[in-house]
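Below you will find the structure I want to go over with you.
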Amino acid sequence: MPLVPIAPADDDARADLRAFLAAADLTLAGLDSPTPRLRLWVDRDAIGTVIGSTGYELSADGAHALIRSVAVAPSARTRGAGSRLARHALADAAAHGARHAWLFSRRSGPFWQKLGFTAADRDALAAALPATHQVQLFRATGQLAREVAWSRPLADLRPTSP
Ligand SMILES: CC(C)(COP(=O)(O)OP(=O)(O)OC[C@H]1O[C@@H](n2cnc3c(N)ncnc32)[C@H](O)[C@@H]1OP(=O)(O)O)[C@@H](O)C(=O)NCCC(=O)NCCS
């Protein structure tokens, strides 16, 4: 099924995504206070069950994108869905002008390395994306010091001028 963007006013889709991300043990930061800089998508199966999600949040100047909420239902993993979901967020962020992608991941570093990410300084991430929901949450709770950051330039994904 095609990825469906979650509209800010779509409370049902937001609730579905919240339950899906909670099951995947990913952060729910910001899901209840949508902003135009936070974009999220879900993938559903034929009966409407969420089987994948992806998204990102832009910095205020639009130059940086924090990739987030990339998850695949356990039964659908290791068949390329996660890479497709991640690439969707990266390509959309690049198309909207972002030059650099960042993310937090403690468990899935090798997955992100296959997508071109390298280890990054978590404080550099927080400095580039200070207003994002995840950075604000992790700063407030002290979790930032325990997080693992990754980054990737987006130059290869930026649309070329005709
Ligand atoms: C991480 C996740 C999205 C990967 O989804 P997936 O559909 O299994 O990913 P893919 O099939 O596209 O895997 C691409 C490659 O990464 C590897 N890979 C996937 N997850 C990995 C992990 N956690 N650790 C190491 N390698 C991993 C795959 O083996 C595959 O390698 P290959 O190209 O050599 O075959 C999925 O495991 C998941 O939802 N995890 C829980 C949520 C999460 O941690 N999300 C990331 C933080 S935002």
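When a ligand or atom number is given, it counts from 1 through the structure's own listing order. When a residue number appears, it is its place in the shown sequence, counting from 1. Predicted, not measured: the structure shown is a model, and the values here were computed from it.
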Ion pair present between R14 and D32, side-chain N to carboxylate O less than 4.0 angstrom?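 Salt bridge flag = no for D32 with R14.
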For the residue pair D92 and H88, confirm or rule out a side-chain donor-acceptor distance under 3.5 Å. no
Establish, yes or no, whether a centroid distance under 6.0 Å links the rings of W150 and F117.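 Ring centres of F117 and W150 not closer than 6.0 Å.
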Is the closest side-chain donor-acceptor distance between R68 and Y56 under 3.5 Å?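 Short answer, no.
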Using a 4.0 angstrom limit on heavy atoms, which residues are close to ligand 1?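 Residues within 4.0 Å of ligand 1: L26, V70, A71, V72, R77, T78, R79, G80, A81, G82, S83, R107, S108, P110, F111, W112, K114.
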What residues, two or more places apart in sequence or in another chain, satisfy salt bridge (Lys or Arg N to Asp or Glu O under 4.0 Å) together with D11?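 Listed in chain order: nothing, the list is empty.
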Kindly compute the distance separating CG (L31) from CG (L40), expressed to the nearest 0.5 Å.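 One finds 6.0 Å between CG of L31 and CG of L40.
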